[in-house]
Amino acid sequence: MTDSFAPALLNWFDEHGRHNLPWHHNRTAYRVWVSEIMLQQTQVATVIPYYQAFMHRFPDVHSLALAPTDDVLSHWSGLGYYARARNLQKAAQAVVKEHNGEFPRDQQQLEALSGIGRSTAAAILAQSYDIKAAILDGNVKRVLARYHAITGWPGQTAVLQKLWQFAEQHTPNDRIRDYTQAIMDLGALVCTRSRPSCERCPVQQTCLAYANNETTLYPGSKPKKTKPEKTTWMLILEDSEGRILLQRRPPSGIWGGLWSLPELDPALGEDELQQACEQQLGLSCGDPQRISGFRHTFSHYHLHIQPARMSAEPKNRVADDNHRWLHRDQALSLGLPAPIRTLLTDPEQTTLL
DNA sequence: GACTCGTGGGG
DNA sequence: TCCCCAAGAGT
């Protein structure tokens with residue numbers, strides 16, 4: 001059976017596709033790989049400035065493998081999903097050590113690297129080596145769900161299996177690199193989430209959702225759940241020289257490996273902060289002052305951040321590897337979570353209650 | 001299979 | 001203001 005999907009798409013791509021993104025130039029496997037990791041769950045416009053700075057600081061896989069992890073994380077600060085940055089360096093070290101500095105041209109070996117799953121491995125093969133492999137990102141899911149009128153939420157395994165099946169079926173033998181870019185561009189530029197521009201679509205005539213005037217039904221929406229509310233204390237501990245205490249967060253969990261303000265158990269009352277702080281951090285502290293808090297929304301919960309300010313001096317020695325006293329501008333040069341950066345930057349957020 | 005992991009854009 | 005979701009992967 002002849003499938004007109006790919007030829008029509010490629011013709012459209014030649015004239016209307018995106019041919020000028022930063023990772024399209026000097027297209028090495030390393031540059032494609034970094035872009036693919038950054039683009040996971042992150043929009044192109046957000047990625048571009050981070051990508052430019054990252055490639056300038058880490059121009060090849062060796063510089064990334066050898067860099068201090070703090071340096072990698074600080075270049076990722078503000079992008080989110082920080083496990084991507086930790087996995088990126090881990091994979092770079094594996095490529096240097098186990099693959100002689102060259103990215104493998106094999107899907108299975110690529111997927112063995114940290115942070116590279118099925119779709120990302122396929123994207124690297126297609127984009128950098130022009131090797132046939134099917135991708136399935138958010139754009140492709142939306143295009144295929146509409147084109148084939150696939151009901152159900154793509155998070156369900158059965159739906160995902162159908163999508164992968166069609167993704168592989170449509171993938172042509174030639175011009176893999178262009179086809180991979182083309183189907184993503186179609187999703188990003190024409191087959192958009194809301195108000196798709198079907199009049200400009202190259203595969204409109206064979207699209208089931210369009211034929212039935214049902215583009216809004218696909219892909220199916222995910223079941224909604226109410227997000228729980230969590231609360232935490234964030235401490236601005238300032239010494240007599242005006243420096244602030246920062247602590248490195250554990251390698252896993254929220255904001256893993258980043259620097260942030262010290263946290264205390266939200267169950268503690270305001271009057272218990274001083275004692276808890278002295279015990280847990282080995283400081284001598286003044287009276288706590290509440291600062292106006294704010295709410296930060298995550299994918300799965302809301303976090304109410306209540307900041308408190310205290311004057312503090314180290315009693316014996318707190319200068320371990322995971323704590324640093326820094327002035328405000330020095331602190332901002334570290335890898336900080338976005339809400340903490342806001343807290344330290346925005347004077348409005350440091351109003352006394 | 002269900003959770004976890006971030007941040008910003010758009011409706 | 002609130003919700004969904006974006007070039008997904010790991011546990």
Side-chain angles (χ1 to χ4, degrees), chain A residues 17-18 21-24 32-51 73 76-88 90-91 110-124 126-128 133-143 153-161 163-164 167 180-189 191-195 216 219-230 249-258 260 294-303 335-342:
Chain A
R18 293 175 292 188
L21 293 169
W23 40 92
H24 292 164
V32 168
W33 167 59
V34 172
S35 77
E36 290 299 333
I37 302 300
M38 281 193 176
L39 287 161
Q40 287 171 0
Q41 302 291 284
T42 311
Q43 295 183 357
V44 170
T46 303
V47 163
I48 288 176
Y50 283 89
Y51 183 79
L73 284 170
W76 212 270
S77 175
L79 254 190
Y81 284 154
Y82 299 96
R84 292 185 296 175
R86 299 191 301 271
N87 286 333
L88 198 71
K90 191 174 173 188
L110 283 173
E111 287 182 32
L113 296 169
S114 300
I116 300 181
R118 181 174 177 181
S119 188
T120 300
I124 294 169
Q127 293 280 334
S128 62
I135 63 160
L136 187 63
D137 69 341
N139 290 307
V140 181
K141 285 175 186 171
R142 187 170 55 255
V143 169
W153 175 52
Q156 299 170 345
T157 304
V159 177
L160 202 57
Q161 276 184 342
L163 289 169
W164 270 114
T180 303
Q181 185 65 48
I183 192 167
M184 287 190 289
D185 287 359
L186 186 70
L189 304 174
C191 196
T192 49
R193 185 159 66 90
S194 61
R195 296 172 53 85
T216 57
S221 52
K222 85 168 184 187
K224 53 177 76 177
K225 295 173 184 171
T226 57
K227 295 177 181 174
E229 294 274 353
K230 300 185 182 181
R249 302 182 64 87
S252 64
I254 192 72
W255 302 326
L258 296 191
S260 86
F294 55 95
R295 198 171 75 147
H296 188 76
T297 300
F298 292 116
S299 304
H300 289 82
Y301 60 95
H302 301 284
L303 182 65
L336 289 175
I340 306 303
R341 182 176 294 276
T342 301

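Residue contacts for A/W76: at a heavy-atom cut-off of 4.0 Å it reaches no nucleic acid atom on any strand shown. Using a 4.0 Å heavy-atom cutoff across all strands shown, A/G155 reaches no nucleic acid atom at all. As judged by a 4.0 angstrom heavy-atom cut-off over every strand, A/L21 is placed among the base-contacting residues. Among the heavy atoms of the strands lying under 4.0 Å from A/R142 are primed sugar atoms or P, OP1, OP2 only; no base atom is included. Counting non-hydrogen atoms under 4.0 angstrom, A/G253 reaches the backbone sugars and phosphates but no base. When heavy atoms are screened at a 4.0 angstrom cut-off, A/A123 is found touching no nucleic acid atom at all.
Atom CG of A/L88 and atom C1' of B/dC5 are 16 Å apart (whole Å). Atom-to-atom, CG of A/L79 to C1' of C/dA7 comes out at 13 Å; the value is rounded to the nearest Å. Atom CZ of A/R86 and atom P of C/dG10 are 12 Å apart (whole Å). A/M184 has its CE atom 17 Å from the C1' atom of C/dC5, to the nearest Å. A/N139 places its CG atom 13 Å from the P atom of C/dC5, with the value rounded to the nearest Å. One can place CG of A/L39 at 12 Å from P of C/dA9, the figure rounded to the nearest angstrom. The nearest whole Å value for the distance from the CG atom in A/L303 to the P atom in B/dG6 is 12 Å. Between the CG atom of A/L110 and the P atom of C/dG10 there is a distance of 12 Å, rounded to whole Å.
Counting distance only, with no hydrogens placed and no angle test, the side-chain atoms of A/T42 and the base atoms of B/dG6 include a donor-acceptor pair under 3.5 Å. With hydrogens and angles ignored, a donor-acceptor pair under 3.5 angstrom links the side chain of A/R18 to the base of C/dA7. With hydrogens and angles ignored, a donor-acceptor pair closer than 3.5 Å exists between the side chain of A/S299 and the base of B/dG6.
Residue A/Y81 places its side chain closer to B/dG6 than to any other of C/dA9, B/dG9, B/dG6. Side chain of A/E36, nearest nucleotide from C/dA7, B/dT7, C/dG8: C/dA7. Counting only heavy atoms from C-beta on, A/P339 has its side chain closest to B/dT7 among B/dT7, B/dC5, C/dA6. In the set C/dA7, B/dG11, B/dG9, B/dG9 carries the atom at the smallest distance from any side-chain atom of A/R193. Nearest nucleotide to the side chain of A/K222, out of C/dA7, B/dG6, C/dC5: C/dC5. Comparing B/dC5, B/dT7, C/dA7 against the side chain of A/Y301 picks out B/dC5 as the nearest. With C/dC5, C/dA9, B/dG6 as the candidates, the nucleotide lying closest to the side chain of A/Q41 is B/dG6. Side chain of A/K225, nearest nucleotide from B/dC3, C/dA7, B/dG1: B/dC3. The side chain of A/D137 sits closest to C/dA7 out of C/dA6, C/dA7, B/dT7. For A/R84, the side-chain atoms get nearest to B/dG6 when compared with the rest of B/dG6, C/dA7, B/dG9.
The side chain of A/R295 places an N or O atom within less than 4.0 Å of a non-bridging phosphate oxygen (OP1 or OP2) of C/dC2. Regarding contacts with the backbone of B/dT7, a side-chain N or O of A/H296 is found under 4.0 angstrom from either OP1 or OP2. Remark: A/R195 is not in phosphate contact with B/dG10, judged by side-chain N or O atoms under 4.0 Å from OP1 or OP2. Of the side-chain N and O atoms in A/W255, one or more sit less than 4.0 angstrom from OP1 or OP2 of B/dT7. Listed pair A/K141 / C/dA6 fails the phosphate criterion, with no side-chain N or O lying under 4.0 Å from OP1 or OP2. Taking 4.0 angstrom as the limit, A/Y50 places none of its side-chain polar atoms (N or O) nearer than this to OP1 or OP2 of B/dT7.
Taking the six-membered ring where tryptophan is involved, the planes of A/Y301 and A/F298 are tilted, since the angle between them lies from 30° to 60°.
Using atom C1' as the reference point in both B/dG1 and C/dA6, the two lie 23 Å apart (nearest Å). For the P atoms, the distance from C/dT11 to B/dG6 is 14 Å, rounded to whole Å. Separating the P atom of C/dA7 from that of B/dG11 is a span of 14 Å, rounded to the nearest Å.
Here the closest heavy-atom approach between residue A/V32 and residue A/A123 is recorded as CG1-O, 4.3 Å. Residue A/A167 comes nearest to A/L136 through the heavy atom pair CB-CD1, 4.4 Å, listed as atom of the first residue, atom of the second, then distance.
Cation-pi geometry between A/R118 and A/W164 is met: under 6.0 angstrom from the ring centre, within 45 degrees of the axis.
Looking at which nucleotide of DNA chain B each of A/Q43 and A/W153 is closest to, the 5′-most match is held by A/W153. With the nearest nucleotide of DNA chain C identified for both A/V44 and A/S114, A/V44 has the one nearer the 5' end. Comparing A/A158 and A/G256 by the nucleotide of DNA chain B that holds the closest heavy atom to each, the one mapping nearer the 5' end is A/A158.
Looking at heavy atoms from C-beta onward, A/L39 lies in side-chain contact with A/V44 at the 4.5 angstrom threshold.
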Query raised in the report: After noting the C-alpha distance and the side-chain angles of A/Q40 and A/T120, does the key distance pass the side-chain hydrogen bond (donor to acceptor under 3.5 Å, both in side chains) rule?
Result: CA-CA 9 Å; A/Q40 287 171 0; A/T120 300; 3.1 Å; yes
Requested in this report: Go through A/Q127 and A/H24 one step at a time and tell me if the side-chain hydrogen bond (donor to acceptor under 3.5 Å, both in side chains) criterion holds.
Outcome: CA-CA 9 Å; A/Q127 293 280 334; A/H24 292 164; 4.7 Å; no
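Atom NZ of A/K227 is surrounded by more than 12 heavy atoms from other residues, nucleotides or ligands within 6.0 Å.
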